[in-house]
**Student:** 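Just passing along the structure, written as structure tokens.
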Amino acid sequence: MLVWCIKRQIALANAKNLILGLTCFSSPLTRRYFVLILRSFSAGMSSMAEKKDVDNDKPITRVLFCGPHFPASQIYTREYLEKYPFIQVDDVPLKQVPDHIGNYDLCVSKNMRFDSNVLSRAKQMKLIMQFGVGLEGIDIDAATKHGIKVARIPGDATGNAASCAEMAIYLMLGLLRKQNEMQISVKQKMLGEPIGETLLGKTVFIMGFGNIGIDLAKRLKPFDVKIIATKRSWPSNSEVLIPKAFPTQNGVVDDLVDEKGSHGDIYEFASKADIVVCCLSMNKETVGIVNKPFISSMKKGALLVNIARGGLLDYEAVVQHLESGHLGGLGVDVAWKEPFDPNDPVLKFKNVILTPHVAGVTEHSYRSMAKVVGDVALQLHAGKPLKGIELVN
């Protein structure tokens with residue numbers, strides 16, 4: 001065992017030195033990322049061997065991350081749990097999940113689809129959770145039938161909602177200031193073009209006023225915009241607690257939203273807005289909600305931003321209204337099909353900005369969520385009540 005471990009560390013060190021020496025990894029951030037990947041790979045390959053040193057009388061709690069995407073989720077979770085040898089963290093390709101899921105106690109779904117067939121194989125699974133909030137890929141009824149709990153990580157406590165709100169503003173500003181056209185001007189050595197727009201004085205429609213919507217409204221207020229928002233139901237007391245950094249009276253503000261509406265008001269609100277931001281959860285009621293009638297009801301030239309789920313948008317309707325010029329711009333962090341096709345025709349438009357599902361992927365939010373997953377794994381191992389997550393069944 002000792003000889004094997006020494007050989008593994010030497011191989012890892014050589015690979016790390018090779019990466020650091022390549023010119024294509026000259027960026028410090030790029031080097032750091034690939035070193036993290038190597039460490040994660042090494043940890044995953046050696047986890048079973050390392051568990052042999054654990055007292056055989058103590059069972060191991062096994063945690064499974066599904067698929068290769070959002071790699072920092074498993075990397076950071078492994079780092080958080082590295083002092084606990086009785087917790088094993090693995091990740092496998094999506095296609096292999098059904099073959100391995102029966103050996104795990106806790107599963108982090110990411111973008112894996114869990115239907116009744118897959119769930120029936122999870123014989124010792126106690127909990128399936130998302131590294132975030134979206135649970136639309138999990139058949140919750142089937143999970144309940146098989147005695148498996150399902151949970152999300154509340155975005156307000158980890159910084160995930162704040163990160164998504166910041167990305168929404170990034171996309172808004174990128175569209176208003178014509179980010180793609182600015183890059184063309186740089187390449188053509190042109191100065192003073194294009195002419196952009198400001199957020200100042202704009203009306204922003206936040207469709208879905210949950211944690212992300214609230215954090216977005218807080219950050220938009222200093223831009224002097226009018227905020228209108230729809231929500232399935234509003235509390236009788238509309239006061240919202242906000243951080244001390246925001247000017248308030250008695251620590252409370254009740255004017256984050258200038259006009260409130262319900263789901264039935266979305267067309268009316270769309271007709272008033274210069275910018276529409278989708279912050280909705282995706283479910284049977286909201287799939288394709290941004291369709292042809294909705295976009296047609298928007299102001300000509302208005303902008304559409306989506307940092308929630310790609311399935312909220314009707315792709316054909318979006319493309320049609322971009323082609324006609326009715327839709328003034330599209331900024332999306334999530335797509336109708338992921339991973340996104342880099343040859344998708346929608347990218348031919350200068351007024352389209354696409355980011356690769358990174359709204360919530362920040363150092364702060366991912367470290368915080370990794371801690372939540374790690375703590376839940378420790379709670380499961382100890383047989384304690386689960387804290388820091390929101391169970392949905």
Side-chain angles (χ1 to χ4, degrees), residues 27-44 47 63-84 87-92 94 106-112 127-138 151-171 210-212 214-216 219 243 279 281 307-310 332-335 338-340 355-380 386-390:
S27 164
L29 286 175
T30 305
R31 290 200 304 269
R32 179 174 179 271
Y33 177 77
F34 276 90
V35 169
L36 281 173
I37 292 291
L38 270 176
R39 289 169 61 186
S40 175
F41 176 76
S42 173
S47 61
V63 181
L64 176 65
F65 280 78
C66 300
H69 302 298
F70 311 97
S73 59
Q74 58 256 32
I75 293 171
Y76 288 180
T77 303
R78 281 198 186 101
E79 290 180 358
Y80 181 72
L81 290 168
E82 62 185 359
K83 295 181 180 179
Y84 303 95
I87 306 292
Q88 176 179 320
V89 180
D90 297 325
D91 57 277
V92 300
L94 292 176
L106 167 61
C107 181
V108 180
S109 60
K110 297 198 284 183
N111 55 337
M112 176 70 187
L127 174 69
I128 296 177
M129 62 185 296
Q130 181 58 279
F131 203 84
V133 297
L135 298 173
E136 65 277 357
I138 303 171
R152 59 168 60 94
I153 301 176
D156 56 340
T158 60
N160 185 52
S163 298
C164 291
E166 290 178 6
M167 178 60 78
I169 294 175
Y170 165 82
L171 292 170
N211 289 327
I212 295 174
I214 292 171
D215 274 358
L216 177 57
R219 286 156 179 76
C279 299
S281 299
I307 43 86
R309 284 293 182 266
V332 292
D333 180 61
V334 287
E338 295 182 338
F340 194 78
T355 53
H357 204 143
V358 291
V361 185
T362 61
E363 186 75 14
H364 174 71
S365 68
Y366 261 49
R367 290 290 182 189
S368 299
M369 290 192 290
K371 181 181 184 302
V372 172
V373 174
D375 288 343
V376 167
L378 292 171
Q379 291 159 12
L380 273 178
L386 303 180
K387 298 179 180 179
I389 56 175
E390 179 187 340

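Count residues from 1 along the sequence.
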**Student:** So do T77 and V63 actually touch side chain to side chain, heavy atoms under 4.5 Å?
**Tutor:** no

**Student:** Is the shortest heavy-atom distance from the side chain of N111 to the side chain of L94 under 4.5 Å?
**Tutor:** yes

**Student:** Sequence neighbours excluded, which residues qualify as ring-ring contact (aromatic ring centres under 6.0 Å, His included) partners of F70?
**Tutor:** H357

**Student:** Quick one: which of V108, V373, L81, L106 gives a side-chain contact (heavy atoms from CB on, under 4.5 Å) with V89?
**Tutor:** L81

**Student:** Side chains of D91 and R78, heavy atoms from C-beta outward: is any pair under 4.5 Å?
**Tutor:** yes

**Student:** Between N160 (side chain) and G155 (backbone), is there a donor-acceptor pair under 3.5 Å?
**Tutor:** no

**Student:** With sequence neighbours left out, write down each residue that passes side-chain contact (heavy atoms from CB on, under 4.5 Å) with T362, or none if nothing qualifies.
**Tutor:** S163, H364, S365

**Student:** Restricting to non-hydrogen atoms, name the atom on A370 and the atom on F131 that form the minimum distance, rounded to 0.1 Å.
**Tutor:** N-CZ, 3.6 Å

**Student:** If you take all heavy atoms of I212 and C279, which pair is closest and at what distance?
**Tutor:** CG2-SG, 4.0 Å

**Student:** In chain order, what residues pass the side-chain contact (heavy atoms from CB on, under 4.5 Å) check against S109, with sequence neighbours excluded?
**Tutor:** F114, I128, Q130, I138

**Student:** Taking only residues two or more places apart in sequence, or in another chain, which ones meet D333 in a side-chain hydrogen bond (donor to acceptor under 3.5 Å, both in side chains)?
**Tutor:** T355

**Student:** Listed by chain and number, what are the salt bridge (Lys or Arg N to Asp or Glu O under 4.0 Å) partners of K110, not counting sequence neighbours?
**Tutor:** none

**Student:** Tell me every residue that passes side-chain contact (heavy atoms from CB on, under 4.5 Å) with P154, counting only those two or more places apart in sequence or in another chain.
**Tutor:** D156, E390

**Student:** Which heavy atom in M369 sits nearest to a heavy atom in G360, and how many Å separate them?
**Tutor:** CE-O, 4.4 Å

**Student:** Can you check whether N211 reaches V133 side chain to side chain, under 4.5 Å on heavy atoms?
**Tutor:** no

**Student:** Would you name the heavy atoms of A165 and R219 that are closest together and state the gap between them?
**Tutor:** CB-CD, 4.2 Å

**Student:** How many angstroms lie between atom CG of L378 and atom CD1 of I87, to the nearest 0.5 angstrom?
**Tutor:** 5.0 Å

**Student:** If the condition is side-chain hydrogen bond (donor to acceptor under 3.5 Å, both in side chains), which residues does D375 pass it with, not counting sequence neighbours?
**Tutor:** Y80, K371

**Student:** Just how far is it from atom CD1 of I307 to atom CG of L171, taken to the nearest 0.5 Å?
**Tutor:** 8.5 Å

**Student:** Measure the spacing between CZ of R152 and CG of L135 and express it to the nearest 0.5 Å.
**Tutor:** 4.5 Å

**Student:** If the condition is ring-ring contact (aromatic ring centres under 6.0 Å, His included), which residues does F340 pass it with, not counting sequence neighbours?
**Tutor:** W336

**Student:** Just jot down the salt bridge (Lys or Arg N to Asp or Glu O under 4.0 Å) partners of E136, sequence neighbours excluded, or say none.
**Tutor:** R309

**Student:** Locate the shortest heavy-atom distance separating L216 from A168; write the atom from each residue and the value.
**Tutor:** CD1-CB, 4.0 Å

